[in-house]
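For ligands, and for the atoms within them, numbers begin at 1 and follow the listed sequence.
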Amino acid sequence: MAEISISKEERERRIAWWREAKFGMFIHWGLYAIPAGMWKGKLIPGIGEWIQFRARIPVKEYEKLAKHFNPVKFNAEEWVKVAKDAGMKYIVITAKHHDGFCMFHTELTDYNIVDATPFKRDPMKELAEACRKEGLKFGFYYSQLLDWHHPDGAGNDWDYDPNKKNFTRYLEEYVKPQLRELLTNYGPIAIVWFDIYSPTPEIARDLRAWVHKFQPDTIVSGRIDPGRWDRGIGDYVELGDNEIPEKRIEEDWETPGTINDTWGFKSYDHNWKSSGVIIQKMVDIVSKGGNYLLNVGPTAEGVIPEPSVRILREVGAWLKKNGESIYGARASPIDTRPEDPYKFTAKPGKLYVHVLAWPWNGELRLTGIKSEVDKAYFLADQTREALKFKQENEEVELHLGEKPLDPVDNVIVLEMSNEGWP
Ligand code: GLC
């Protein structure tokens, strides 16, 4: 466990909005959207943004993609609207992914979207502005370790001799100046989402301090830490990709998730999760105390794939009615087992019962309810009569009725006037 050198108050102040937000949009967008999972007529397995590595594409060849990157359909306001309608409260987008191509205007290299592509615009500027307008928080993903384009970055051993690399030089003369640009040219940056992993705790701490030198309120992701379980340098724990823990975690944490099986766009990945699955994952995550950062991978034309947009819209419709049980909600005060057809989230005086499978007889028996319940009702339709229930000690039997309101998750609110639980 890495030592925590920032004060608890400082972190609490920084993370407060994030803790309430619960649901954010991850965007993986870069040159890899052009090959979209295919190189020289071959399907390249694995996640789309790793294509340069998986196909060992020489820098000189991969670089040429920039000349063809012209996302004329890109519209920052539309993207932000997709996120907002989905009920997402923050956006994190790849400023520089492992391929090293900079999706922002930088003085440090011409290998960036403004100087190297026919597009010539800085989409990060446009997105930052659109987010500000719509009241969403805006953050950057930045690959601090891997950079397959930079001769001193880690990961590319097919163009560069690893023994000749000078990581310190890359860090001091490239990474830090770029972070300074990202933290000074784009307004308030809510998050810098570092990825796998800083090489040492010293470097991680140094990077964190560097970020805070420019913007003390910027949250840094858990993958700034040198290893997966070295919690402490990042502001929160970043779980593995698509990983949902078995049990509640008593820290701030986030699951980055894909809607299909890739982050960067792949033309032939149609394995979309349904909105129902996404909602259930979100509820599962929030009931265990986490945040869900759900990814979209726009095309090289600048379009968020239609299935993602549709799925997100459906998730947003559910959140519109049931958001009270998600935003600002605390983890479940009751342990559930994976096979239980319900999950809980909580706020002071309210226990939200997420009924994920409707009981065959319309009755639901809950145990471990430690306060006296005053009232029970459907969150999504409060014009309905309150639900009948019986309580004996810690057991509550709810008469839900025959039919669910919602095909995925029916949230029942148990209201209690007792202080202290949940
Ligand atoms: C992994 C991958 C990367 C992706 C990230 C998202 O670390 O290397 O491509 O950006 O997960 O969580």
Side-chain angles (χ1 to χ4, degrees), residues 18 23-37 39 44-57 62 65 88 90-104 124 139-150 153-157 175 182 191-199 204 207 219-231 233-245 252-266 269 271 273 278 281-282 285 290-298 304-305 308:
W18 183 92
F23 191 33
M25 176 182 271
F26 214 176
I27 306 179
H28 278 69
W29 196 38
L31 295 184
Y32 38 80
I34 299 176
W39 195 254
I44 308 298
I47 41 187
E49 72 286 3
W50 274 74
I51 192 165
Q52 186 184 4
F53 180 91
R54 295 298 293 263
R56 299 295 193 278
I57 305 170
Y62 189 87
L65 291 172
M88 292 159 150
Y90 56 111
I91 290 183
V92 177
I93 183 163
T94 48
K96 177 178 84 96
H97 204 268
H98 308 332
D99 68 357
F101 185 72
C102 301
M103 292 294 285
F104 63 105
M124 302 296 142
F140 288 122
Y141 169 110
Y142 187 89
S143 178
Q144 79 276 32
L145 173 73
L146 298 179
D147 190 316
W148 304 321
H149 183 263
H150 195 291
N156 181 342
D157 59 5
V175 170
L182 290 170
I191 298 176
V192 175
W193 210 97
F194 291 105
D195 202 359
I196 46 170
Y197 288 105
S198 301
L207 280 177
I219 292 173
V220 295
S221 70
R223 290 193 194 165
I224 194 176
D225 280 281
R228 197 157 162 221
W229 298 108
D230 288 334
R231 305 163 171 192
I233 299 175
D235 282 306
Y236 62 86
V237 178
E238 196 71 60
L239 294 201
D241 298 347
N242 288 305
E243 182 188 18
I244 301 183
D252 295 303
W253 61 274
E254 179 181 77
T255 294
T258 50
I259 306 189
N260 49 359
D261 294 322
T262 182
W263 306 91
F265 179 67
K266 268 176 90 174
D269 182 342
N271 195 22
K273 297 168 188 72
I278 298 288
K281 284 181 187 294
M282 174 168 64
I285 288 168
N291 276 25
Y292 195 17
L293 184 63
L294 185 60
N295 183 71
V296 297
I304 301 177
S308 297

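A side chain to side chain contact (heavy atoms under 4.5 Å, CB included) with W193 is found for one member of Y141, F140, Y142 and no other, namely Y141. Between D147 and the choices H98, H97, K96, the side chain to side chain donor-acceptor pair (under 3.5 Å) rule is met once, by K96. With respect to N242, the side chain to side chain donor-acceptor pair (under 3.5 Å) criterion is satisfied by exactly one of D261, T258, T255: T258.
Using modelled atom types, one finds a donor on one side chain and an acceptor on the other under 3.5 Å when comparing N295 with H28. When only modelled atom types and interatomic distance are considered, N271 and N260 share no side-chain donor-acceptor pair under 3.5 Å. Remark: the E254 side chain and the S221 side chain contain no N/O donor-acceptor pair separated by less than 3.5 Å.
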Between ligand 1 and the protein, give all atom pairs where both partners are nitrogen or oxygen and the distance is under 3.5 Å, as lines of names plus distance to 0.1 Å.
| from | atom 1 | to | atom 2 | distance (Å) |
| --- | --- | --- | --- | --- |
| ligand 1 | 7 (O) | D195 | OD1 | 3.2 |
| ligand 1 | 7 (O) | D195 | OD2 | 3.2 |
| ligand 1 | 7 (O) | R223 | NH1 | 3.2 |
| ligand 1 | 8 (O) | W50 | NE1 | 2.9 |
| ligand 1 | 8 (O) | H98 | NE2 | 3.0 |
| ligand 1 | 9 (O) | E49 | OE2 | 2.5 |
| ligand 1 | 9 (O) | W50 | NE1 | 3.0 |
| ligand 1 | 9 (O) | H97 | NE2 | 3.2 |
| ligand 1 | 10 (O) | H28 | NE2 | 2.5 |
| ligand 1 | 10 (O) | H97 | NE2 | 2.8 |
| ligand 1 | 11 (O) | R223 | NH1 | 3.4 |
| ligand 1 | 11 (O) | D241 | OD1 | 3.2 |
| ligand 1 | 11 (O) | D241 | OD2 | 2.7 |
| ligand 1 | 12 (O) | R223 | NH1 | 3.1 |
| ligand 1 | 12 (O) | D241 | OD1 | 2.7 |

